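Small disclaimer: the values here were computed from a predicted structure and weren't measured.
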2 protein chains.
Amino acid sequence: MAQTNPPFMSGVPELLLLRLLTQREMYGYEIVKAVRLVTSEAISLGEGVVYPVLHSLERSGALRARRKPVNGRTRVYYSVTPKGTQRLARLTAEWDRVSSGIQAALGEPEHA
Amino acid sequence: MAQTNPPFMSGVPELLLLRLLTQREMYGYEIVKAVRLVTSEAISLGEGVVYPVLHSLERSGALRARRKPVNGRTRVYYSVTPKGTQRLARLTAEWDRVSSGIQAALGEPEHA
DNA sequence: TGACATACCTTGCCGCGCAAGGTAGGTTCG
DNA sequence: CGAACCTACCTTGCGCGGCAAGGTATGTCA
């Protein structure tokens with residue numbers, strides 16, 4: 001009863017974060033709000049999603065973290081490494097595959 | 001620590017099955033193969049996904065089951081009830097929202 | 001007889017995504 | 001100076017969705 005590979009629909013938060021960070025360096029709290037913005041409120045990831053994903057991406061070498069004091073408060077800025085760029089490419093391709101597959105299914109005539 | 005509402009990316013198997021069954025009455029084993037077909041191999045749902053979803057949709061009144069002997073073997077054909085049609089509409093709308101949100105995020109310029 | 005396809009089903013579990021809660025500094029305002 | 005609220009970071013705990021695996025039974029064809 002092994003659960004070998006991840007469910008086919010997962011990994012979207014990861015995809016979104018990598019994509020955002022490709023455009024510019026950002027910190028967690030900022031990302032939480034940016035996600036709502038760029039997805040036109042369609043998707044809202046809480047901090048309980050964002051921070052863990054950030055940490056795991058850093059651990060796997062897809063992101064680099066840089067602590068930076070701003071106004072006497074510390075922010076952790078993340079930027080995408082080459083490894084992260086690769087990962088983004090893989091996730092994007094997979095997303096395209098899956099979503100266009102679903103689109104195809106939905107696009108079929110209502111009655112055969 | 002309550003888990004109130006379902007994760008934003010879930011319910012795709014349900015969506016797919018309802019959509020297929022809208023086109024014609026089908027039985028489980030047939031659906032397993034149909035999903036691969038209509039999604040151009042992009043998505044493959046095993047029987048361990050399909051049957052439980054079928055049962056839960058029936059329990060909730062979205063599907064009606066009809067046992068029908070074919071070649072001395074019994075098949076269970078499922079068809080969509082009005083309730084199921086409503087559910088399909090809701091799921092489709094939600095999928096459109098989410099997937100176009102992601103599309104928007106992915107479509108942004110690589111560097112700001 | 002064995003192998004393979006059809007056709008149904010359930011069990012068990014992994015891990016994603018999430019709500020909730022916790023810490024701490026900054027500002028604003030009465 | 002306390003209260004209320006925003007910024008900014010974090011972890012804990014868990015529900016449940018999706019899945020692999022395994023189980024039953026009939027049909028069929030070499």
Open item on the list: Using heavy-atom distances to pick each residue's nearest nucleotide on DNA chain C, tell me which of A:Val12 and A:Arg73 is more 5'.
Closed with: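 Its nearest nucleotide being more 5', the pick is A:Val12.
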Open item on the list: Side chains of B:Ser44 and B:Arg36: any donor to acceptor distance under 3.5 Å?
Closed with: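 Their side chains do contain a donor-acceptor pair, which is all the 3.5 Å distance test asks for.
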How long is the line joining [atom1] of [X] and [atom2] of [N], in whole Å?
X	N	atom1	atom2	answer
A:Arg67	C:dG25	CZ	C1'	14 Å
A:Met9	C:dC14	CE	P	23 Å
A:Tyr77	D:dA8	OH	C1'	11 Å
B:Phe8	D:dC16	CZ	C1'	16 Å
B:Lys68	C:dA7	NZ	P	12 Å
A:Asn71	C:dT28	CG	C1'	16 Å
B:Ile31	C:dT6	CD1	P	16 Å
A:Glu14	C:dC18	CD	P	14 Å

Open item on the list: Check the phosphate of D:dA8 against A:Tyr27, side-chain N and O only, distance under 4.0 Å to OP1 or OP2. Yes or no?
Closed with: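 It does, given that an N or O in the side chain of A:Tyr27 lies less than 4.0 Å from OP1 or OP2 of D:dA8.
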Task: Side-chain N or O of A:Tyr29 closer than 4.0 Å to phosphate OP1/OP2 of D:dC9 - done: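 No, no such contact exists.
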So which heavy atom on [X] is nearest to which on [Y], and how close?
X	Y	result
A:Thr39	A:Val35	OG1-O, 2.7 Å
B:Ala105	A:Leu16	CB-CD1, 4.0 Å
B:Leu91	B:Gly11	CD1-O, 4.4 Å
B:Pro52	B:Gly48	CG-O, 3.2 Å
A:Leu45	A:Leu17	CD1-CD2, 4.4 Å
A:Ala34	A:Leu20	CB-CD1, 4.0 Å

- [ ] Going by the side chain to side chain contact (heavy atoms under 4.5 Å, CB included) test, name the single residue among A:Glu25, A:Glu58, A:Arg66 that passes it with A:Tyr78.
- [x]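 Running side chain to side chain contact (heavy atoms under 4.5 Å, CB included) over A:Glu25, A:Glu58, A:Arg66 with A:Tyr78 returns exactly one hit, A:Glu58.
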TODO: Starting from the first five and the last five pairs of the helix from C:dT1-D:dA30 to C:dG30-D:dC1, work out the angle between the resulting helix axes, to 10 degrees.
DONE: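 Answer rounded to 10°: the end axes differ by 10°.
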TODO: Would you indicate what A:Lys33 reaches in the nucleic acid, counting non-hydrogen atoms under 4.0 angstrom: base, sugar-phosphate, or nothing?
DONE: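 Here A:Lys33 touches the backbone only, sparing every base.
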Task: Nearest-0.5 Å distance, CG of residue B:Asp96 to CD of residue A:Gln103 - done: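 These two atoms lie 6.5 Å from each other.
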Task: Note, A:Trp95 side chain near B:Leu106 side chain (heavy atom, < 4.5 Å) - done: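 Yes; the side chains approach each other to less than 4.5 Å.
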Task: Closest to side chain of B:Arg75, choosing from C:dG17, C:dC18, C:dT6 - done: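 Ranking C:dG17, C:dC18, C:dT6 by closest atom to the B:Arg75 side chain puts C:dT6 first.
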Task: Contacting residues from residues 88-105 of chain B, given that a heavy atom lies under 4.0 angstrom of DNA chain C - done: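 Contacting residues: none.
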Open item on the list: Any residue in residues 47-58 of chain A with a heavy atom nearer than 4.0 angstrom to DNA chain C? Just list them by number, or reply none.
Closed with: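 DNA chain C contact set from residues 47-58 of chain A: A:Gly48, A:Val49.
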- [ ] Evaluate the side-chain hydrogen bond (donor to acceptor under 3.5 Å, both in side chains) criterion for residues A:Arg67 and A:Thr74: first the C-alpha distance (whole Å), next the side-chain angles of each, then the deciding distance (0.1 Å), finally the verdict.
- [x] CA-CA 7 Å; A:Arg67 325 193 98 250; A:Thr74 300; 4.5 Å; no
Open item on the list: Please determine whether a side-chain nitrogen of the Lys or Arg among B:Arg24 and B:Glu30 lies less than 4.0 Å from a carboxylate oxygen of the Asp or Glu.
Closed with: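 Yes, B:Arg24 and B:Glu30 are salt-bridged.
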